[in-house]
Amino acid sequence: MVSSEMVVGLAVSVPGVAWMIWMRMRVREQGTWLQDMAYERTQRLKWASFILGKSGVLNRPSYWVKKRPWLFPRSGRIFRKQTAAHVLAEVVIKSFFRNGHQLIQYGQLVGVCTAAVVASPFWFMAAVFLIVGFMGPLLLAWVVFP
């Protein structure tokens, strides 16, 4: 009689053994190290450029330059003390509210998450609420008081 544990064990071990055999053959090949390194470098740069492009770090050239921002045109300092962290936080906050693209992405994220919560069953919403309710303060205390 074949049990489910045996099936799961075979399903996990057969691909693992095949991968180890393939890796051993790949390591023993001559002249492939430089190709692998070049491939890895291109993949790393591809993912880095993707992440930087989506985060807004890489700016596209604009066709027109705004003289004054539409939101908060005469805003002063947000924080009283001007430390490096406060200046960076102020720049991030102001650029977030002044950049329409980031506001649209934030609205889309909030809309999708709200729809997911509303469409989910009650027991799932209650479980998520309890987990976040109990784990949130613990995580906050862990971050604030390491």
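Crowding of F124 atom CZ: a count of heavy atoms from other residues, nucleotides or ligands under 6.0 Å not exceeding 12.
Atom CE of M37 is separated from atom OG1 of T42 by 11.0 Å, given to the nearest 0.5 angstrom. Atoms CZ and CD, from R77 and Q82 in turn, are 4.5 Å apart once rounded to the nearest 0.5 Å. To the nearest 0.5 Å, the span separating CD1 on I21 from CZ on R24 amounts to 9.5 Å. The OG1 atom of T83 sits 9.5 Å away from atom CG of L88, with the distance rounded to the nearest 0.5 Å. F122 contributes atom CZ, which lies 10.0 Å from atom CZ of F129 (distance to the nearest 0.5 angstrom).
Across V117, L130, V118, a single residue satisfies side chain to side chain contact (heavy atoms under 4.5 Å, CB included) together with M125, and that is V117. For the pairing with Q43, the side chain to side chain contact (heavy atoms under 4.5 Å, CB included) check across R41, E40, K46 returns one residue only, K46.
The hydrophobic cluster containing I93 also contains V110, counting ILVMFWY residues as joined when their side-chain heavy atoms lie under 4.5 angstrom apart, directly or transitively.
Side chain of H86 to backbone of K81: a donor-acceptor contact under 3.5 angstrom is found.
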